[in-house]
Trainee: 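First the structure, which I've put down as structure tokens, then a few questions once you've had a look.
A note on names: the letters A, B, ... follow the listed sequences, proteins ahead of strands, and every chain is numbered from 1. No experiment lies behind these values; they were computed from the predicted model shown.
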Number of protein chains: 2
Amino acid sequence: MPDTSISVAVVEDNSELRDGLAQLIQGTPGYKCVGAFSSCEQLLGQLKSLKTHPPKVVLMDIGLPGISGIEGVQRVKAQLPGTDVLMLTVFEDEKKIYDSICAGASGYLLKKTPPAKILEAIQEINDGGAPMTATIARKVLSVFQSNPPPASVDYQLSEREREVLAGLVRGFSYKMIADQCSISIDTVRSHIRHIYEKLQVNSKAQAITLAMKNRLV
Amino acid sequence: MPDTSISVAVVEDNSELRDGLAQLIQGTPGYKCVGAFSSCEQLLGQLKSLKTHPPKVVLMDIGLPGISGIEGVQRVKAQLPGTDVLMLTVFEDEKKIYDSICAGASGYLLKKTPPAKILEAIQEINDGGAPMTATIARKVLSVFQSNPPPASVDYQLSEREREVLAGLVRGFSYKMIADQCSISIDTVRSHIRHIYEKLQVNSKAQAITLAMKNRLV
DNA sequence: GCTTGAATCGCATGATCATGCGATTGATGG
DNA sequence: CCATCAATCGCATGATCATGCGATTCAAGC
């Protein structure tokens, strides 16, 4: 009978927590702890031997001495692309969340998460999910919303209009744009009218936001 | 004793499902159904009367006749920025997921989700979370990883200041920001002064451009 | 107790913007 | 030749913004 349990490695510098996690995993049917390390360096040093039977999931503390958890994710993913990494942290630091996810983490939990939930999250990650705390999930979505994937609509702006729009984005007043383009301020107004029509907005702020989102300039 | 239940509106063209959801919500303590509509047009038509007591959460079917659920999200969010929208759909169509989220949805569930889970999701959204199915969550993260947001400098903005800045980015006037934050327009001015100082700019346009470049909102 | 700083509010004024309703020119294509 | 359209320019007016100079309140830290 093949071993169908989920193999997990733990990287955590606090020995108490590390042993706790290892025992939790090892002691639960369906889970198997294939390594408990106190630093990324240790884990990475064992990668050769792990490569024959790589862990499915790595629990990675984010605040590690030496190589940080964030850099650790990148390295692990580089060596073991099929392994998913679940970050563990004390704080919901927005920047660390982003960095971890961009580095390739598949989930993000707080250390205070009860053991049962941690096991659930490991299972979920193994099933292709992405366990996150509620607020983290929401933050991820909000970045998504301001970072739309290359939908790049063509707004059919003329060259002049793009030039004027670029001026707005750079914070120039109508007068400054007029000078820079060597046209009158009323012509600038006219161009801006047309830009607003084409972008379907009615304020400088909306035009700038749309221009930045869609990389129009 | 104040009414602390979560007010929910339902938009779903299938009358059976619509009524089922409405009864589920209305019949559960802690939840309150403030409207059940068969189309976005109906919901949007009622917005005026809803504005005094806007629903906390809108359950929105994605495949609606007329205005689609995706367009519906945008319109609802434009009118009621404080209301969260939970999308309901039959299929896990990748494009629809992205579009919904980019349009401003705060969660995404399949219609086959059991009633108890739907109620949980409503609660979660109300608590600032972002309920999603596991595969959707993973897809969102993978897009994130291929589209890393640029590292943002820390401008030490307070929470309020970020909120106001977000309003500017969305094209709101001072008055609209004041209403949304429930503060006076002069306070908005005051916050904007401080934002300009911290960002070292002196116009709305520059502030918006900087905010977008550095993903401050 | 005192200071400091963030968040709130008020008023006034000049600058800038949004938009309505015009007009002229010059290039392009039927 | 004429229609069309983008680019240019003009004026007027109400809305919105930028900024100066205030003030109060409340929580945190010394």
Trainee: Taking only the side-chain heavy atoms of A:R189 (C-beta and beyond), determine which of D:dA7, D:dA18, D:dA12 contains the nearest atom.
Mentor: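 Selected nucleotide: D:dA12.
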
Trainee: For a quick test of reading the model: is some side-chain N or O of A:Y196 closer than 4.0 Å to OP1 or OP2 of C:dA18?
Mentor: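 Checking C:dA18 against A:Y196, a side-chain N or O does come within under 4.0 Å of OP1 or OP2.
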
Trainee: Would you mind telling me which of D:dC17, D:dA6, D:dC9 lies closest to the side-chain atoms of B:K204?
Mentor: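 Looking only at heavy atoms from C-beta outward on B:K204, the closest nucleotide is D:dC17.
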
Trainee: Whole angstroms only, please: what is the CD-P distance between B:Q206 and C:dC17?
Mentor: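 Result: 11 Å.
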
Trainee: May I ask you to verify if any side-chain N or O of A:R160 is less than 4.0 angstrom from the OP1 or OP2 atom of D:dT8?
Mentor: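 Indeed, a polar side-chain atom of A:R160 lies that close.
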
Trainee: Taking donor-acceptor contacts at under 3.5 Å, does the side chain of B:R193 reach the base of D:dG20?
Mentor: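 Yes, a donor-acceptor pair under 3.5 Å.
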
Trainee: Grab the CG-C1' distance between A:L168 and D:dT16 for me, whole Å please.
Mentor: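 The distance from CG of A:L168 to C1' of D:dT16 comes to 15 Å, rounded to the nearest Å.
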
Trainee: OP1, OP2 of D:dC9 versus side-chain N and O of A:S184: anything below 4.0 Å?
Mentor: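 Yes, within the criterion.
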
Trainee: Does D:dC9 have its OP1 or OP2 closer than 4.0 Å to a side-chain nitrogen or oxygen of A:S190?
Mentor: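 No, because none of the side-chain N or O atoms of A:S190 sits under 4.0 Å from OP1 or OP2 of D:dC9.
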
Trainee: Report the distance from atom CG of A:L199 to atom C1' of C:dA18, rounded to the nearest whole Å.
Mentor: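 My rounded result for the distance is 15 Å.
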
Trainee: Between B:E161 and B:D186, which has a closest nucleotide on DNA chain C that is more 5'?
Mentor: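 In this pair, the answer is B:E161.
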
Trainee: Check the distance between C:dA7's P and B:I192's CD1 and give it to me in whole angstrom.
Mentor: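 It works out to 14 Å between those atoms.
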
Trainee: CG of A:N202 versus P of D:dT16: gap in Å, rounded?
Mentor: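 About 10 Å, once rounded to whole Å.
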
Trainee: Supply the atom-to-atom distance B:L44 CG to B:I67 CD1, rounded to the nearest 0.5 angstrom.
Mentor: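 B:L44 atom CG to B:I67 atom CD1 measures 5.5 Å (nearest 0.5 Å).
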
Trainee: Respond yes when some side-chain nitrogen or oxygen of B:Y174 is under 4.0 Å from OP1 or OP2 of D:dA15, and no when none is.
Mentor: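 B:Y174 to D:dA15 OP1/OP2: no side-chain N or O under 4.0 Å.
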
Trainee: Could you report the tightest heavy-atom contact between A:I70 and A:A103, atom names first, then the distance?
Mentor: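 Smallest heavy-atom distance, with atoms named: O-CB, 3.7 Å.
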
Trainee: Do other residues, nucleotides or ligands put more than 12 heavy atoms under 6.0 Å from A:K111 NZ?
Mentor: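 For A:K111, atom NZ is crowded (more than 12 foreign heavy atoms under 6.0 Å).
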
Trainee: Taking only N and O in the side chain of B:T187, is any of them less than 4.0 Å away from OP1 or OP2 of C:dC9?
Mentor: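 Yes, because at least one side-chain N or O of B:T187 sits under 4.0 Å from OP1 or OP2 of C:dC9.
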
Trainee: Can you check the A:I208 CD1 to D:dC17 P distance for me, whole Å?
Mentor: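 It works out to 12 Å between those atoms.
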
Trainee: Between B:Q123 and B:D127, does the side chain to side chain donor-acceptor pair (under 3.5 Å) criterion hold? Intermediate values first, please.
Mentor: CA-CA 6 Å; B:Q123 178 70 58; B:D127 293 343; 3.3 Å; yes

Trainee: Would you kindly compare A:I185 and B:S158 by the position of their nearest DNA chain C nucleotide and give the one closer to the 5′ end?
Mentor: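 Upstream on the strand: B:S158.
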
Trainee: In whole angstroms, how far is the C1' atom of C:dA15 from the CE atom of A:M176?
Mentor: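 Atom-to-atom, A:M176 to C:dA15, this comes out as 14 Å.
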
Trainee: How long is the line joining NZ of B:K198 and C1' of C:dG5, in whole Å?
Mentor: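 Computing the B:K198:NZ to C:dG5:C1' distance gives 10 Å.
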
Trainee: Hey, does the side chain of B:H191 come within less than 4.0 Å of C:dT8's phosphate (OP1/OP2), counting only N and O?
Mentor: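 Yes, because at least one side-chain N or O of B:H191 sits under 4.0 Å from OP1 or OP2 of C:dT8.
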
Trainee: Which value, rounded to the nearest 0.5 Å, describes the distance between A:L59 atom CG and A:L86 atom CG?
Mentor: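 Rounded to the nearest 0.5 Å, the CG-CG separation comes to 5.5 Å.
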
